[in-house]
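Below are the structure tokens for one structure; questions will follow.
Proteins come first, then strands; the chains are lettered A, B, ... in the order of their sequence lines, and each starts at number 1.
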Amino acid sequence: MNQISGWVKEAQSGNRYALNQLIDYYQNDIFRFVYYRIHHQADAEDLTQDIFIQVIKRIRSVKDHTLFKAWLYKIASNRITDFFRKKRFLFFMGTTSDLESEDCETSDKDSPETEVHRKEFTMRLKSLSKDLSKWEREIFLLRFVDDLDIKEIAVVLGKNENTVKTHLYRALQKFKQDRNFREFLQASKR
Amino acid sequence: MSVHETKHLIDDTILWTLIDPDKLQINEKKHLQECQLCQDRQASLHQELSEIKQLSREFLPKPKRNLRPVSIEKTVSPVFYRMKNALAYTLMIMICVGGIFGLWPTQNKDIDQIAIEQATESIEEMLQTMEKNQRNGTYSLLPATFQYIVADEFEIMSDPFYDYVFPISTSEVDDS
């Protein structure tokens, strides 16, 4: 974390190398964060780039260097909200046909088994997400997909830590009731 | 008191151990430390949640392009663009204001003034033509091209119309 803080400090003073280090360090995390919310690779790539453009523009506004990660995820979260807002508007205006895009692309490198496994994982995760409320879903994903701790989640979502814990508790209760997903995870583990 | 004599942790408590271990009461913490069954339940749930994290990384498609945004080198200072825009807006406002209040040179001349100028010009032109005709011995206002349209042989005295206006008989002196 000290290294990250150092890069943030350097980037704020105009060090391009430090900025690139930060972007390289977090680009996979942010791409994953975006991908598991919009489920479309090309859009996720575009959004990830947009998020880093915002980071470059606004990095000087980071006051607490230790909270850079939370600040970064907050930008990403806002950008995703904008993306869905724009998509809903286009859907309403009739310029786009699908409100929820589905990524049909498959990787050539993956075996058919892996591909089936991947699709099932995505389907189970989406199915669970549908059972969760907006905040429960967001907090569950931030905690168990993006690996943020409670304090960071509270900063990203602008909520009290106790509120985050309560939402997470409810989300875990629903996860515990999702037998299909749990069986899938247990089978993957073996 | 043996571990087996106390009640096992309920599911909700197991959930809280994953969210906020500090929230557990002392006896619950103690039970968890000693009870293998409760530890297994907690570990199983923890393992499932860790599996989500692992699979989400494993099944994440690889980006097809570099996600680092292409940095645009700024060759011109943004201040230049701001100044340029400000100048353009000022010019536009000046043009509009000038147009509304008639401050442009073409709008200063009165229509009467233009008419007087045109009339003076045509009079001067006419006078020049007259002077030129006088010098050439012609007394017609017609330009030189049109001076000799009338035939040279034309004699006014032989014109019947002249005879009609001035009959010869009346013009002669009566001798009687």
Side-chain angles (χ1 to χ4, degrees), chain A residues 16 19-20 23-24 27-28 30-32 35-36 41-42 44-45 48-56 103 105-107 109-110 114-115 117-122 124-125 128 140-141 143-147 150 161-162 164-166 168-170 172-173 175-176 181-186 188-189, chain B residues 7-25 28-29 32 35-82:
Chain A
R16 194 175 286 269
L19 190 62
N20 285 338
I23 293 171
D24 288 347
Q27 66 176 359
N28 282 337
I30 294 299
F31 178 66
R32 186 176 58 248
Y35 180 79
Y36 282 110
Q41 186 172 353
E45 288 171 5
T48 306
Q49 282 196 331
D50 280 358
I51 289 161
F52 283 117
I53 288 170
Q54 292 289 314
V55 168
I56 292 167
D103 200 353
E105 290 181 42
T106 56
S107 172
K109 291 174 190 169
D110 291 340
T114 312
E115 194 51 41
H117 210 178
R118 186 179 76 86
K119 279 187 177 170
E120 191 173 355
F121 172 71
T122 309
R124 299 275 177 217
L125 193 61
L128 172 68
F140 183 85
L141 290 176
R143 181 74 190 92
F144 298 113
V145 174
D146 302 307
D147 201 24
I150 301 288
E161 282 186 36
N162 286 330
V164 171
K165 285 175 190 170
T166 307
L168 189 58
Y169 166 71
R170 287 181 194 148
L172 281 177
Q173 277 184 318
F175 167 74
K176 211 162 180 301
F181 194 19
R182 291 183 67 195
E183 281 170 11
F184 170 80
L185 292 170
Q186 283 165 0
S188 305
K189 196 168 57 181
Chain B
K7 285 164 83 176
H8 288 296
L9 298 179
I10 59 169
D11 285 348
D12 283 356
T13 311
I14 295 287
L15 290 183
W16 275 111
T17 62
L18 299 173
I19 299 166
D20 187 5
D22 296 337
K23 197 179 168 74
L24 296 184
Q25 292 175 0
E28 288 172 335
K29 279 183 186 172
L32 187 62
C35 177
Q36 189 61 45
L37 184 68
C38 289
Q39 283 176 13
D40 289 346
R41 285 165 62 208
Q42 187 206 33
S44 170
L45 193 60
H46 184 263
Q47 189 63 41
E48 286 168 19
L49 293 166
S50 300
E51 196 66 15
I52 293 177
K53 179 183 157 187
Q54 197 183 324
L55 290 179
S56 70
R57 280 155 178 73
E58 194 178 315
F59 294 140
L60 182 73
K62 284 207 165 59
K64 290 177 180 167
R65 55 194 154 111
N66 189 4
L67 298 176
R68 189 197 291 173
V70 179
S71 59
I72 301 161
E73 294 294 334
K74 289 178 182 171
T75 51
V76 184
S77 162
V79 176
F80 171 76
Y81 289 110
R82 282 201 292 273

Under 6.0 Å from the NZ atom of B/K23, do we count more than 12 heavy atoms belonging to anything else shown? no
Just do the side-chain contact (heavy atoms from CB on, under 4.5 Å) check on B/W16 and A/L172 with the steps written out, would you? CA-CA 9 Å; B/W16 275 111; A/L172 281 177; over 6 Å; no
If you look at every heavy atom in B/P63 and A/Q41, which pair is closest and at what distance? CA-NE2, 3.8 Å
Might you point out which heavy atoms bring A/Q49 and B/R65 nearest each other, and give the distance in Å? OE1-NH1, 3.3 Å
B/R68: partners by side-chain hydrogen bond (donor to acceptor under 3.5 Å, both in side chains), with sequence neighbours left out: A/D24
So A/Q27 and B/N66, side-chain contact (heavy atoms from CB on, under 4.5 Å) or not? Walk me through it. CA-CA 9 Å; A/Q27 66 176 359; B/N66 189 4; 3.9 Å; yes
Counting heavy atoms not belonging to B/Q54, are there more than 12 under 6.0 Å from its CD? no
Nearest heavy-atom neighbours spanning B/L67 and A/F31: CD1-CB, 3.7 Å
Would you mind checking which part of A/I23 comes under 4.5 Å of any heavy atom in chain B, side chain (CB onward), backbone (N, CA, C, O), both or neither? side chain
Working to the nearest 0.5 angstrom, can you tell me the gap between B/Q47 CD and A/Q186 CD? 10.0 Å
So which atom in A/Y169 and which in B/L15 form the shortest heavy-atom distance, rounded to 0.1 Å? CE1-CD1, 4.0 Å
Side chain, backbone, both or neither: which part of A/F121 has an atom under 4.5 Å from a heavy atom of chain B? side chain
Chain A interface, residue from B/D20, B/D11, B/I52 that has the most non-hydrogen pairs under 4.5 Å: B/I52
Say you draw a straight line from CD of B/E51 to CZ of A/R182; how long is it, rounded to the nearest 0.5 Å? 13.0 Å
Closest heavy-atom pair and its distance - A/V145, B/R57: O-NH1, 2.9 Å
With sequence neighbours left out, the residues meeting ring-ring contact (aromatic ring centres under 6.0 Å, His included) with A/Y36 are none
Going through the checks in order, is the side-chain contact (heavy atoms from CB on, under 4.5 Å) test met by B/L55 and A/F184? CA-CA 11 Å; B/L55 290 179; A/F184 170 80; 3.9 Å; yes
Can you tell me how far apart CZ (A/R143) and NZ (B/K53) are? Round to the nearest 0.5 Å. 8.5 Å
Minimal non-hydrogen separation, A/L185 against B/E48, with atom names: CD1-O, 3.5 Å
What part of A/I56 gets within 4.5 angstrom of chain B, counting heavy atoms only: side chain, backbone, both, or neither? side chain
